[in-house]
Number of protein chains: 2
Amino acid sequence: MNTPLQATGLPIAAVERDTGLAKDTLRVWERRYGFPQPARDANGERTYPLEQVDKLRLIRRLIDQGLRPAKIIGLDVQALVGMLDEIGKPRDGGDPERCAQFAAILKFVRLHLHEDLRRTLQQLLMKLGLQRFVSEVVAPLNRVVGDAWLRGELEVPEEHLYTEQIQNILRAAISAHAALRSGRPVVMLTTFPEEQHALGLLMVEATLTPEGACCVSLGTQTPLEDIRNAAASGRFDIVAVSFSSAYPARQAIDGLRTLRSGLPEQVSLWAGGAALQGAARKLPGITVFESIDDLPGALDAWRRLYCAAQA
Amino acid sequence: MNTPLQATGLPIAAVERDTGLAKDTLRVWERRYGFPQPARDANGERTYPLEQVDKLRLIRRLIDQGLRPAKIIGLDVQALVGMLDEIGKPRDGGDPERCAQFAAILKFVRLHLHEDLRRTLQQLLMKLGLQRFVSEVVAPLNRVVGDAWLRGELEVPEEHLYTEQIQNILRAAISAHAALRSGRPVVMLTTFPEEQHALGLLMVEATLTPEGACCVSLGTQTPLEDIRNAAASGRFDIVAVSFSSAYPARQAIDGLRTLRSGLPEQVSLWAGGAALQGAARKLPGITVFESIDDLPGALDAWRRLYCAAQA
DNA sequence: GTCAACATTTTGTCCAGGACAAAATATGAA
DNA sequence: TTCATATTTTGTCCTGGACAAAATGTTGAC
């Protein structure tokens, strides 16, 4: 039979795929904490019962949220679900109509309704304009989708579909502003190595471009040295770096300090994203953004400071 | 320092990421074949010189093409490159103008020029119409991109960009035919589990829909049992399954045989994709497609057989 | 010659259990 | 507070043996 009715359990490689926990990690947890405790098949190889895999998935999500294995690995499934709900809870009530729209969008994502998803987003973009679309739709939607992902309501392909569609919409909208591509300041956009999330960069670009800034994106994962070299060319006024919530805060802060010290004085360094929440005062000489809404203000401030004559 | 000047070598985890070869595999190759032969750092951990990583990448690509480690692991880099060139060689000369367009498209992909890429593809679609676009542009372009990937001229994000853009164009074009969505035959499109490539499905849908067939895509990775259940509903005339070149031929053939035996007599089973080249006669009772161009003919044949009255 | 069934080789993954670096946290000093 | 330094926690790496799954080679029937 091709479908061996795997109600019995999953091999370790499948659990690694399903949970994102490395095989070595699964084995060392078993040794240290006594969980998971897989059965063994005829060949002495581990066979993980489905319930244990489900629990592992929950533990994985909580660890991603900053909790530590030893604290949670002994808890039962119900307690783990409770903790996840707790974390995902503080959603802003906001406009009820907008909330309903978000729910509808989430449904489209879950059901793979490309067409409906695209159309709905496009309509919101037309109604609100690019900047409000980013700050009032994309930013909160990212939270909604992130929470749904946390609860396990979305699979990888669904999350992917969402990201791609948003990116398409934003890219198209940005390119409509191409005529403005000669303004000041000239902003270099990028992320550090190991940071693959491009959505933040596009949100920044979509917010700054209509304000007349000239955004040049280097894409994701630019080595620090390449960023420095590009900035040394003198073509850029501002270097903007974005960090998703998955990026380790420590690494972001260290990297930004290093970059700042390697950058010419007159080049501003801007940084933002979930990983930098509350890290502003640890980064002197760097403009840290708590919210995407602060970008236009910072742009004005830059212009007053450096382009007094033109303003 | 944050950038330790890694000219010395890469740790095993980085090599796993770069080459796609599992850590266990890297270690067992070292034990068995004497290659790779990493240096050791102060902690006794493997440190792979960059040249060895490059060679590993070449070996990986050749293995993906069906060669076996023992045959090639002892060869030098030049010989490996030669073999890769040999494999990628048989490109059809074809229309020189079209070739130049393909080269331009490849350049857009490499440079992340989303906008140019989208525009060029859109223009070709408008010029040729959906079906010729699929058979004369998408199919050969897939080969061109695949070859470039083989040579290491493309990275993961570039390949991804290409796939996404093609999918967007095709999806939009297909949805323009939505009015025809009530015809016969009714075709179910999907792939087997572990087959993630959705592009083939879209190409089929884009070819059949303008002919008046009603395509219903279940997306990728549908368990065999779910395919059977869906087919048992009686809503479908044809089940079409697509396999990328990465799918193991043996698994495809076994799966198709199992599926055929589980399907109602009157439901046709169509299968195609690189993995099935030359497998037609091993699959009695199943229509195997060597080329996307054969789809319209098969559709006509089906209609003559089952809808004689209407034709 | 083609094809299926079986034997053999190749190849990737799994295992145990020790070790240790990197990350996170706690502790103490300025 | 904020910084630097100890201590714990945690994930990854190591060795070398074993073996299942895949690929290949062989045999015999049609």
Side-chain angles (χ1 to χ4, degrees), chain A residues 2 4 10-17 19-33 35 38-48 56 59-60 62-74 194 247-254 257 278-279 281-284, chain B residues 2 4 9-17 19-33 35 38-48 56 59-60 62-74 194 247-254 257 278-284:
Chain A
N2 208 340
L10 271 54
I12 195 169
V15 178
E16 178 178 44
R17 263 205 320 274
T19 64
L21 297 163
K23 290 189 263 269
D24 269 330
T25 305
L26 290 167
R27 285 191 279 254
V28 89
W29 280 8
E30 181 180 343
R31 205 195 308 165
R32 281 193 194 135
Y33 311 116
F35 182 89
R40 298 295 179 132
D41 68 7
N43 315 314
E45 305 196 344
R46 291 174 172 78
T47 292
Y48 292 83
L56 284 169
I59 292 173
R60 170 66 207 262
L62 283 166
I63 288 176
D64 285 344
Q65 292 306 302
L67 299 179
R68 319 226 31 204
K71 305 272 184 184
I72 55 175
I73 208 164
E194 316 208 343
Y247 202 88
R250 182 66 155 278
Q251 211 170 321
I253 291 170
D254 287 355
R257 283 182 180 147
R281 52 183 176 175
K282 293 184 182 172
L283 292 166
Chain B
N2 208 338
L10 271 54
I12 194 168
V15 178
E16 177 178 43
R17 263 205 319 275
T19 65
L21 295 164
K23 290 189 263 269
D24 270 330
T25 305
L26 290 168
R27 286 191 278 254
V28 88
W29 280 8
E30 180 181 344
R31 202 195 312 168
R32 282 194 193 134
Y33 311 117
F35 182 90
R40 299 295 179 130
D41 67 7
N43 314 315
E45 304 197 343
R46 290 175 173 77
T47 292
Y48 293 83
L56 283 169
I59 292 173
R60 171 65 208 263
L62 285 166
I63 287 176
D64 286 345
Q65 292 307 303
L67 298 181
R68 315 216 51 194
K71 305 272 182 183
I72 55 175
I73 208 163
E194 315 206 343
Y247 202 88
R250 183 64 157 279
Q251 212 170 322
I253 291 169
D254 287 356
R257 282 179 181 152
R281 54 184 177 175
K282 290 184 182 173
L283 293 166

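Proteins get letters first, then strands, A, B, ... in listed order; numbering begins at 1 in each.
- Counting non-hydrogen atoms under 4.0 angstrom, Arg46(B) reaches the backbone sugars and phosphates but no base.
- Counting only heavy atoms from C-beta outward, the side chains of Leu56(B) and Leu26(B) approach each other to under 4.5 Å.
- Of all nucleotides listed (dG12(C), dC15(C), dC14(C)), dC15(C) comes nearest to the side chain of Arg40(A).
- Set against dG11(D), dG12(C), dC14(C), the side chain of Arg27(A) has dC14(C) as its closest nucleotide.
- Here the C1' atom of nucleotide dG25(D) and the NZ atom of Lys71(B) are 11 Å apart, to the nearest Å.
- Closest to the Arg31(A) side chain, of the nucleotides dT12(D), dG17(C), dT11(C), is dG17(C).
- Contact annotation for Asp24(B): base contact, defined as any heavy-atom pair under 4.0 Å involving a base atom.
- Ranking dT24(D), dT13(C), dT9(D) by closeness to the Arg68(B) side chain, first place goes to dT24(D).
- In the set dC15(C), dA21(C), dC13(D), dA21(C) carries the atom at the smallest distance from any side-chain atom of Asn43(B).
- Atom CZ in Arg32(A) sits about 15 Å away from atom P in dT8(D), given to the nearest Å.
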Requested in this report: Apply the test side chain to side chain contact (heavy atoms under 4.5 Å, CB included) to residues Ile63(B) and Ile72(B): give CA-CA distance (whole Å), side-chain angles for both, the deciding distance (0.1 Å), then the verdict.
Outcome: CA-CA 9 Å; Ile63(B) 287 176; Ile72(B) 55 175; 4.1 Å; yes
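- Picking from dC13(D), dG12(C), dT10(D) the nucleotide with the shortest atom distance to the side chain of Lys23(B) gives dC13(D).
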